[in-house]
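Chain letters run A, B, ... following the sequence lines, proteins first, then strands; residues in each count from 1. Side chains are part of it too, since the values below use all heavy atoms of this structure and drop only hydrogens, waters and symmetry mates.
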There are 2 protein chains.
Amino acid sequence: MAPYTDQQPGEPGVTLADRVFTRLRNAIVEGEIPAGSKISEPELAAEYGISRGPLRDAMGRLEACHLVERRANVGARVVSLSQEDLLELYILREALEGMAARLAAERITEKELNHLRRLLKQHEQRGELQEGIAYFQKEGDLDFHFRIVQASGNQRLVQLLCNDLYHLMRMYRYQFGMASARALIAFREHGHIVEAIADRDPEMAELIMRRHIRSSRVNVEMLFDARDSLTRRSDPDLSEAG
Amino acid sequence: MAPYTDQQPGEPGVTLADRVFTRLRNAIVEGEIPAGSKISEPELAAEYGISRGPLRDAMGRLEACHLVERRANVGARVVSLSQEDLLELYILREALEGMAARLAAERITEKELNHLRRLLKQHEQRGELQEGIAYFQKEGDLDFHFRIVQASGNQRLVQLLCNDLYHLMRMYRYQFGMASARALIAFREHGHIVEAIADRDPEMAELIMRRHIRSSRVNVEMLFDARDSLTRRSDPDLSEAG
DNA sequence: TCGGATCCGATTGTTAACAATATCAGGTTA
DNA sequence: TAACCTGATATTGTTAACAATCGGATCCGA
């Protein structure tokens with residue numbers, strides 16, 4: 001299981017609300033509860049065999065990590081992912097992970113560095129890259145980014161990226177299924193990032209990390225544009241309807 | 001009232017939990033409820049004239065913005081601010097607001113630009129700067145940063161900075177009372193930032209904003225170091241005790 | 001036929017009582 | 001004396017019932 005998912009599914013997790021929160025988050029991220037769908041409190045409570053109290057608690061936390069949206073006296077819905085929002089996420093990651101790479105280059109330990117190298121080697125040997133799909137879908141990519149952020153030593157950075165943003169990224173991947181020819185390129189860029197960090201070159205590490213994430217964003221942007229023009233061609237209504 | 005506080009104190013705010021959340025957040029940020037103090041649910045509930053349900057809801061939200069920390073079956077405490085944590089916050093701001101300045105330089109409207117210029121002029125005319133204290137304490141500083149972030153047009157950036165980080169910054173200011181000789185310098189730097197944005201120079205805008213925030217951080221760091229060496233001299237225990 | 005008011009049903013927000021857990025004081029034993 | 005166990009107490013987590021609000025269907029009038 002990915003290191004940034006803070007709990008095994010079966011693991012206790014002190015309180016009822018804790019456990020339900022973790023289960024719900026997984027269910028939402030992996031699409032088991034569809035994006036944009038309404039969530040009924042009594043229904044879900046019954047399904048999980050608890051009362052509405054702890055469920056509402058869990059819902060509150062899900063709202064805090066932007067996985068559900070609530071309106072008073074109306075109810076909660078799973079967030080519906082938009083292209084614009086995904087692009088905004090990439091902007092945030094560019095800023096935050098760029099800084100994380102810089103800090104990592106300053107403070108990383110030899111042990112963490114070796115972890116990183118081993119991770120890259122694993123990715124290489126698994127032969128996942130040639131197939132293209134796996135690197136993104138199996139979240140080897142996020143694993144890598146996660147370790148860099150941890151190496152930054154900035155707890156607030158770790159917390160923000162790993163508790164909120166990465167789960168959202170995972171959700172987008174499950175929903176949009178982002179496989180692309182960039183897998184191999186991305187893998188090579190990861191190598192360059194590790195090199196810069198190993199060289200203790202903060203400037204370079206930040207620069208490459210930012211370029212890396214920006215390239216991902218541009219790639220996604222192009223995919224969206226392509227898809228948009230396709231759907232527009234097959235749904236001619238959209239281009240004229242008033 | 002500062003534009004990033006999303007609600008007037010007396011304003012309804014649809015639900016009980018909403019109102020209590022806002023009131024509690026203010027009380028904590030302004031130090032009315034002291035940092036590090038334990039929070040008793042029954043006690044607070046009685047004080048605010050509500051039951052524990054909505055109070056717990058509010059507490060959950062406060063936990064989400066890192067203003068209180070909870071441990072299951074033990075209780076909640078107001079966060080206790082540490083120097084390390086404040087420095088971490090500055091790192092985050094450097095990354096995020098640097099990016100915000102870059103985006104603002106790309107997309108700001110003339111209207112927003114005029115707002116910014118007017119704000120600076122107000123700060124100048126009020127003569128708050130000469131006294132040094134006011135610019136930070138009265139939050140003219142945060143008002144300025146807030147507008148830049150808004151001009152970035154990135155909703156996620158806005159949300160993250162204005163709902164969480166700025167409230168924490170305010171809390172630090174109330175608690176540590178950060179007045180410094182940097183007020184006048186900071187004001188001039190704000191001017192340079194607006195210039196870069198007005199020139200539509202994203203690279204420069206980000207550079208200056210980052211340098212601006214980093215200078216604040218270094219300044220705070222020096223203040224801490226000075227204070228530490230002082231207390232160490234007057235509390236000789238600390239330097240030897242095992 | 002269309003627009004709007006009104007009622008009904010369902011859902012959410014709130015409350016108060018109940019259960020489970022941790023803290024702390026006191027006593028016991030090595 | 002110190003460490004450990006034990007029980008009382010208070011606090012939190014959980015539950016189920018109650019109140020308030022919203023959305024939609026129905027009915028009425030123009």
Side-chain angles (χ1 to χ4, degrees), chain A residues 6-7 9-25 27-28 33-80 242, chain B residues 6-7 9-25 27-28 33-80 242:
Chain A
D6 30 23
Q7 215 167 34
E11 202 134 323
V14 196
T15 185
L16 263 186
D18 286 334
R19 289 192 288 258
V20 171
F21 166 66
T22 304
R23 285 185 61 182
L24 271 177
R25 185 174 61 184
I28 290 174
I33 303 178
S37 63
K38 188 170 183 330
I39 290 182
S40 157
E41 285 184 7
E43 199 175 309
L44 254 191
E47 192 173 329
Y48 284 79
I50 60 176
S51 74
R52 282 178 49 217
L55 180 73
R56 281 175 66 85
D57 188 325
M59 297 289 293
R61 299 192 219 176
L62 289 171
E63 188 183 19
C65 29
H66 307 278
L67 288 173
V68 311
E69 289 166 345
R70 298 169 97 176
R71 274 176 44 197
N73 292 312
V74 174
R77 325 186 66 86
V78 179
V79 292
S80 49
Chain B
D6 29 23
Q7 212 168 35
E11 201 131 325
V14 197
T15 184
L16 264 187
D18 286 335
R19 289 192 289 259
V20 171
F21 166 66
T22 305
R23 286 184 61 183
L24 271 177
R25 185 173 61 185
I28 290 174
I33 303 177
S37 62
K38 186 167 183 335
I39 291 181
S40 156
E41 285 183 8
E43 200 175 307
L44 254 192
E47 192 173 329
Y48 284 77
I50 60 175
S51 73
R52 283 177 51 217
L55 180 73
R56 281 174 65 85
D57 188 325
M59 298 290 293
R61 298 193 221 176
L62 289 171
E63 188 184 18
C65 26
H66 309 278
L67 289 173
V68 311
E69 289 165 347
R70 298 170 95 176
R71 275 175 42 196
N73 291 313
V74 173
R77 326 186 65 86
V78 179
V79 292
S80 49

Notebook entry, point to check: Sequence neighbours excluded, which residues qualify as side-chain contact (heavy atoms from CB on, under 4.5 Å) partners of B:Ser80?
Noted result: none
Checklist line | All salt bridge (charged side-chain N to carboxylate O under 4.0 Å, His left out) counterparts of B:Arg77, not counting sequence neighbours | finding: none
Checklist line | Sorted by number, the residues of residues 67-77 of chain A with heavy-atom contact under 4.0 Å to DNA chain C | finding: A:Ala72, A:Asn73, A:Val74, A:Gly75
Next item on the list: Check each residue of residues 48-57 of chain A for a non-hydrogen atom within less than 4.0 Å of any atom in DNA chain C, then write out the ones that pass by number, or none.
Entry: A:Arg52, A:Arg56
Next item on the list: Mind calculating the distance between CG (A:Leu16) and C1' (C:dA20) to the nearest angstrom?
Entry: 11 Å
Margin query: Is any side-chain heavy atom of B:Leu55 closer than 4.5 Å to one of B:Leu24?
Written below: yes
Output side-chain donor-acceptor pairs under 3.5 Å for residues 64-71 of chain B, partner residues at least two apart or in another chain, one line each.
none

Check: First and last nucleotide of DNA chain D in contact with chain A, 5' to 3', at under 4.0 Å to a heavy atom: what are they?
Finding: D:dG13 to D:dG23
Next item on the list: Output all residues satisfying side-chain contact (heavy atoms from CB on, under 4.5 Å) with A:Ser37, sequence neighbours left out; order by chain, then residue number.
Entry: A:Ile33, A:Pro34, A:Val78
Check: In whole angstroms, how far is the C1' atom of C:dT12 from the CD atom of A:Glu43?
Finding: 14 Å
Notebook entry, point to check: Can you name the side-chain contact (heavy atoms from CB on, under 4.5 Å) partners of A:Leu16, sequence neighbours left out?
Noted result: A:Arg19, A:Ile50, A:Pro54
Check: Which pair of heavy atoms, one from A:Gly75 and one from A:Lys38, lies closest together, and at what distance?
Finding: CA-NZ, 4.2 Å
Notebook entry, point to check: Is there any side-chain hydrogen bond (donor to acceptor under 3.5 Å, both in side chains) pair reaching into residues 43-54 of chain B, and which pairs are they, with sequence neighbours excluded?
Noted result: B:Glu41-B:Arg52
Next item on the list: Report the residues that fulfil salt bridge (charged side-chain N to carboxylate O under 4.0 Å, His left out) with B:Arg61, sequence neighbours left out, ordered by chain and then residue number.
Entry: B:Asp18, B:Asp57
Next item on the list: Please name the pair of heavy atoms, one in A:Ala17 and one in A:Ala58, separated by the smallest distance, quoted to 0.1 Å.
Entry: O-CB, 3.9 Å
